[in-house]
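Notes to accompany the following structure.
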Amino acid sequence: MRTLDRLPRDFWSRAAASPHRLLMLDYDGTLAPFRLNRMEAAPSPELLELVRRAATSRRTHVAIVSGRPIDELERLIGGLPVSMVGEHGWESKPAGGEFIRVSPDAASTEALARAAAAAVSRGWEALLERKSAGIVLHTRGLPEEEVRRVERLCAEAWGAQIALAGLLMRAADGGIELRAPGRDKGTAVRELMAASPPGTLPVYVGDDETDEDAFAVVRSEGFGLLVSGVERPSQAAGRVSSVEDLTLLLEGWLELVEGGSRP
């Protein structure tokens with residue numbers, strides 16, 4: 001039987017007592033399991049219905065915070081009454097609002113173009129994903145030995161652009177990502193919190209290294225929850241074992257927080 005035994009002791013009581021809640025969910029590895037074809041990574045219908053119910057509840061604002069562009073999120077889960085943040089904070093779209101994109105500076109844009117060209121010149125074009133403020137080399141599906149080799153060579157190839165323009169390189173689940181500096185999931189979460197009513201409890205749920213920026217921002221006022229069945233250091237206050245267990249978390253949220261009962 002699946003249980004949520006790694007949540008902070010006061011998680012449910014604080015969430016239920018708060019006049020407003022901001023529930024922020026990462027997409028890949030949190031709402032949706034990883035897939036070799038990225039556009040096949042979709043939440044289960046059951047989970048989507050729980051997100052919809054949470055988003056239309058009395059005092060909870062739901063936001064999806066992802067490294068994906070917003071147009072991909074809308075193709076995968078469009079129609080949910082949620083705010084969306086894409087590309088680690090470079091794109092945003094409030095629930096029912098207009099799409100907003102912040103552009104990186106010219107130096108970063110040029111450095112990303114040179115890094116992409118370096119990857120293409122090494123024969124990795126099929127693995128490359130280009131975004132407005134970053135590029136990703138996807139290695140999911142490659143043999144493990146090839147993953148290590150390609151990621152090592154890619155990091156070396158991108159090193160010059162990191163030195164020249166201060167780009168940020170981070171390991172991702174199934175690849176390696178290069179981004180313009182200045183925005184991340186932490187800045188996105190800070191902006192969502194600033195736009196929330198006084199007394200709002202922020203909760204952020206995510207699974208990988210890029211979510212640590214968000215965990216660091218919410219830890220003083222709310223809760224970060226790491227989705228992982230593997231022990232690793234994290235700034236999250238609690239854990240959820242898997243994507244499947246997010247269903248339990250949202251069921252509990254609707255019953256214990258929106259329903260008003262307390263454990």
Would you kindly say whether [X] and [Y] are connected by a side-chain donor-acceptor distance under 3.5 Å?
X	Y	value
Trp253	Thr60	yes
Asp10	Ser13	no
Glu244	Ser242	yes

First locate atom [atom1] of [X], then atom [atom2] of [Y], and finally report the distance between them rounded to the nearest 0.5 Å.
X	Y	atom1	atom2	answer
Ile135	Leu127	CD1	CG	12.0 Å
Leu226	Arg239	CG	CZ	5.0 Å
Leu23	Ser57	CG	OG	9.0 Å
Tyr204	Arg219	OH	CZ	15.5 Å
Arg75	Ile70	CZ	CD1	12.5 Å
Thr200	Glu221	OG1	CD	9.5 Å

Practice problem: Identify the residue among Thr210, Val227, Val65, Asp207 that makes a side chain to side chain contact (heavy atoms under 4.5 Å, CB included) with Asp26. | Solution: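 Exactly one pass, corresponding to Asp207.
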Quiz prompt | Name of the residue among Val218, Val205, Thr30 meeting side chain to side chain contact (heavy atoms under 4.5 Å, CB included) with Met24 | solution =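 By the side chain to side chain contact (heavy atoms under 4.5 Å, CB included) criterion, Met24 pairs with just one of Val218, Val205, Thr30: Val218.
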Assigning hydrophobic clusters by single linkage (Ile, Leu, Val, Met, Phe, Trp, Tyr; side-chain heavy-atom cutoff under 4.5 Å), is [X] placed with [Y]?
X	Y	answer
Leu246	Val230	no
Val189	Leu73	no
Val203	Met193	no
Trp124	Val120	yes
Val217	Val102	no

Quiz item: Can Phe223 and Leu201 be said to form a side chain to side chain contact (heavy atoms under 4.5 Å, CB included), step by step?
Solution: CA-CA 8 Å; Phe223 300 99; Leu201 177 77; 4.2 Å; yes
More than 12 heavy atoms of other residues, nucleotides or ligands under 6.0 Å from [atom1] of [X]: yes or no?
X	atom1	result
Arg53	CZ	no
Glu125	CD	no
Arg9	CZ	no

Does this structure show an ion pair linking [X] with [Y], if we count only N-O contacts that are shorter than 4.0 Å?
X	Y	answer
Arg149	Glu145	no
Arg6	Glu231	yes
Asp213	Arg170	yes
Glu212	Arg232	yes
Lys131	Glu177	yes

Nearest atoms (heavy-atom pairs only) where [X] meets [Y]:
X	Y	result
Glu258	Arg59	OE1-N, 3.9 Å
Thr56	Pro81	CG2-CG, 3.6 Å
Ala165	Pro181	O-CG, 4.4 Å
Ala188	Gly89	CB-CA, 4.0 Å
His20	Pro197	CD2-CB, 3.6 Å
Ser196	Leu192	OG-O, 2.8 Å

Do [X] and [Y] have side chains that approach each other closer than 4.5 Å (heavy atoms only, starting at C-beta)?
X	Y	result
His88	Arg183	no
Phe11	Leu256	no
Ile77	Pro43	yes
Asp184	Arg179	yes
Glu191	Val85	no
Lys185	Asp211	yes

If we ignore hydrogens and angles and just use 3.5 Å, is the side chain of [X] paired with the main-chain N or O of [Y] as donor and acceptor?
X	Y	answer
Arg21	Ala15	yes
Asp105	Ser108	yes
Arg140	Asp173	yes
Tyr27	Ala41	yes

Practice problem: Scan for salt bridge (Lys or Arg N to Asp or Glu O under 4.0 Å) pairs involving residues 80-104, sequence neighbours excluded, and state none if there are none. | Solution: Glu74-Lys93, Glu91-Arg101
Exercise. Just do the side chain to side chain contact (heavy atoms under 4.5 Å, CB included) check on Leu167 and Trp158 with the steps written out, would you?
Key: CA-CA 9 Å; Leu167 300 181; Trp158 288 352; over 6 Å; no
Quiz item: Between Phe99 and Asp71, does a side chain to side chain contact (heavy atoms under 4.5 Å, CB included) hold up when you go through it step by step?
Solution: CA-CA 10 Å; Phe99 174 83; Asp71 68 334; over 6 Å; no
Exercise. Give the intermediate values and the outcome of side chain to side chain contact (heavy atoms under 4.5 Å, CB included) for residues Leu137 and Leu178.
Key: CA-CA 9 Å; Leu137 191 81; Leu178 193 65; over 6 Å; no
